[in-house]
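Report on the following structure.
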Amino acid sequence: MIAFRTIKYTFAYFIFAVTLFSCSSRNTPAPVSNIHSTRILGEHNRDSIKSTQYTVKKGETLYSIAWRANSDIRKIAQLNKISPPYRIYPGQKLFLVEQRAKKSTKVSKDKVSNKNSTKSSTASKKNSKKNTLASTKKQAYGENVSAQKTYQNSTLPAGKFSQKISRWQWPVKGKVVKLFSNSAQGNKGIDITNRRGTKIKATAKGKVVYAGNALRGYGKLIIIKHNDDYLSAYAHNDRILVKEKQFINIGDVIATMGDTDANKVMLHFEIRFRGKSVNPLKYLPKR
């Protein structure tokens, strides 16, 4: 009986030892799932503006606000009666869509109508009705014309802006690891990888309208205006080599590749047409 128990315990110890040894001698790390899942899933959920109205913060420009709002700078400028060179100041409130501007006009119209109705109640019935109708029609007409004018001014001219870029070039050498997507949470450009410090070049001639790191999700970012239609953006840079308002030619080195606000060294490259993201591969020459 004692011998049987000794054999039983010896066998159990042997199994335990084998299991412990096999675990300690693993040649590869234990599988870890989704260690960077939050960052990867949110990688292209950029610091966008979803509201219809926005208050300007220190260091922001109208170009950076329009970029975050996925809107055309001319549209926002017209809605808020801002003329070139589009100067704004901290604390300034901006309308971002026409609906908000029209809604404010409607509220103002209702207040005027109610005020006039109250005053007219003290006059004689016949004259009051006539005067009130005439006054209401006149004011309603004036307010409608104002609202219509605001809407028309905020609509971009159809034929004036149809400019094309004569030549585009790839901003950097490297492997395209993520393509453009039109989905709501999709990539709004393309991602290109290479070594840290790789030179990044302007994809076309233009003017630098933003150079900084205030836009969360883009790291050190450069935005270049090529004409009234097209902008290009270069994100996650290690070093920015240009300044705002600087004019550059196609092929000029503007930055070096890095991983600012990204989980690897890469360039996130975007092209926008009238404020909307478009597929860069439709513009860049085929490799």
Side-chain angles (χ1 to χ4, degrees), residues 33-52 54 63-76 96-97 156 161 163-165 167-196 198 200-204 206 209-210 212-227 229-238 254-255 257-287:
S33 61
N34 297 329
I35 191 169
H36 297 296
S37 60
T38 302
R39 189 168 188 181
I40 291 174
L41 289 174
E43 184 176 347
H44 298 297
N45 295 340
R46 310 292 178 180
D47 187 22
S48 59
I49 302 172
K50 303 296 185 183
S51 59
T52 58
Y54 183 75
Y63 277 99
S64 67
I65 292 172
W67 186 270
R68 292 172 56 200
N70 294 307
S71 182
D72 193 310
I73 185 174
R74 294 167 297 174
K75 179 180 177 181
I76 297 177
L96 302 181
V97 294
L156 299 177
F161 305 106
Q163 307 169 38
K164 293 184 178 180
I165 306 299
R167 186 165 70 93
W168 298 88
Q169 77 164 39
W170 281 81
V172 70
K173 293 180 179 179
K175 180 181 180 182
V176 177
V177 293
K178 195 158 190 176
L179 299 174
F180 174 83
S181 171
N182 265 324
S183 65
Q185 301 299 326
N187 193 22
K188 300 309 177 186
I190 58 174
D191 296 344
I192 308 171
T193 60
N194 206 323
R195 292 179 297 177
R196 183 184 302 278
T198 301
I200 297 170
K201 300 178 180 180
T203 191
V209 293
Y210 181 83
N213 60 355
L215 277 69
R216 187 178 58 195
Y218 287 94
K220 292 183 179 179
L221 172 70
I222 297 171
I223 301 175
I224 297 177
K225 175 186 176 182
H226 302 293
N227 57 29
D229 283 339
Y230 289 99
L231 299 171
S232 63
Y234 314 75
H236 307 311
N237 302 301
D238 185 49
I254 58 173
M257 187 179 287
D259 60 353
T260 53
D261 215 353
N263 57 5
K264 59 185 172 184
V265 175
M266 67 176 182
L267 169 67
H268 174 74
F269 176 69
E270 294 187 27
I271 294 178
R272 294 200 181 182
F273 175 73
R274 299 181 186 177
K276 302 300 180 183
S277 301
V278 293
N279 187 352
L281 295 182
K282 291 184 178 181
Y283 298 86
L284 299 174
K286 293 183 179 180
R287 285 179 167 179

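Keep in mind it's a predicted model, so treat the numbers as computed, not measured. Keep in mind that the numbers below use all heavy atoms, side chains included, and drop hydrogens, waters and symmetry copies.
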- Item | Pairing residues for Tyr54 by the ring pair (Phe, Tyr, Trp, His ring centres under 6.0 Å) criterion, not counting sequence neighbours |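 Listed in chain order: nothing, the list is empty.
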- Message: For Lys276, give me all partners under salt bridge (charged side-chain N to carboxylate O under 4.0 Å, His left out), at least two apart in sequence or on another chain.
- Response: none
Main-chain N/O of [Y] paired with [X] side-chain donor or acceptor, under 3.5 Å:
X      : Y      : value
Thr203 : Gln169 : yes
Asn194 : Lys173 : yes
Asn187 : Ser181 : no

- Apply the test side chain to side chain contact (heavy atoms under 4.5 Å, CB included) to residues Ile223 and Ser64: give CA-CA distance (whole Å), side-chain angles for both, the deciding distance (0.1 Å), then the verdict. CA-CA 8 Å; Ile223 301 175; Ser64 67; 5.5 Å; no
- What's the verdict on side chain to side chain contact (heavy atoms under 4.5 Å, CB included) for Tyr218 and Tyr210, showing C-alpha distance, side-chain angles and the deciding distance? CA-CA 12 Å; Tyr218 287 94; Tyr210 181 83; over 6 Å; no
According to side-chain contact (heavy atoms from CB on, under 4.5 Å), who are the partners of [X], at least two apart in sequence or on a separate chain?
X      : value
Ser277 : Phe180, Lys188, Glu270, Arg272
Asn213 : Lys220
Leu281 : Trp170, Leu179, Ile190, Asn279
Val278 : Ile271, Phe273, Tyr283

- Arg195/Val265 under side chain to side chain contact (heavy atoms under 4.5 Å, CB included): CA gap, chis, key distance, verdict: CA-CA 7 Å; Arg195 292 179 297 177; Val265 175; over 6 Å; no
Please round to the nearest 0.5 Å and tell me the distance separating atom [atom1] of [X] and atom [atom2] of [Y].
X      : Y      : atom1 : atom2 : result
Lys164 : Asn227 : NZ    : CG    : 12.0 Å
Leu221 : Asn237 : CG    : CG    : 7.5 Å
Met266 : Lys175 : CE    : NZ    : 14.0 Å
Ile200 : Ile222 : CD1   : CD1   : 7.5 Å

How would you list, by chain and number, every residue that makes a side chain to side chain donor-acceptor pair (under 3.5 Å) with [X], sequence neighbours excluded?
X      : result
Ser51  : none
Thr193 : none
Ser232 : His226, Tyr234

- Task: Before giving the answer on side chain to side chain contact (heavy atoms under 4.5 Å, CB included), spell out for Ile192 and Val176 the whole-Å C-alpha distance, their side-chain angles and the decisive distance to 0.1 Å.
- Result: CA-CA 4 Å; Ile192 308 171; Val176 177; 4.2 Å; yes
- If you take all heavy atoms of Lys264 and Val177, which pair is closest and at what distance?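 That closest heavy-atom pairing would be NZ-CG2, 4.1 Å.
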- Task: Please report the closest heavy-atom contact between Leu267 and Pro171, naming both atoms and the distance.
- Result: CD2-CG, 3.8 Å
- Any side-chain heavy-atom pair of Lys225 and Ile73 under 4.5 Å: no
- Message: Within the 4.5 Å heavy-atom criterion, are Val172 and Phe269 side-chain neighbours or not?
- Response: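 Of all side-chain heavy-atom pairs linking Phe269 with Val172, none is under 4.5 Å.
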- Item | Arg287 atom CZ, over 12 foreign heavy atoms within 6.0 Å |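 Yes, the 6.0 Å shell around CZ holds more than 12 heavy atoms from other groups.
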- Message: Less than 3.5 Å apart, any donor N or O on the side chain of Asp259 or His236 sitting next to an acceptor on the other?
- Response: no
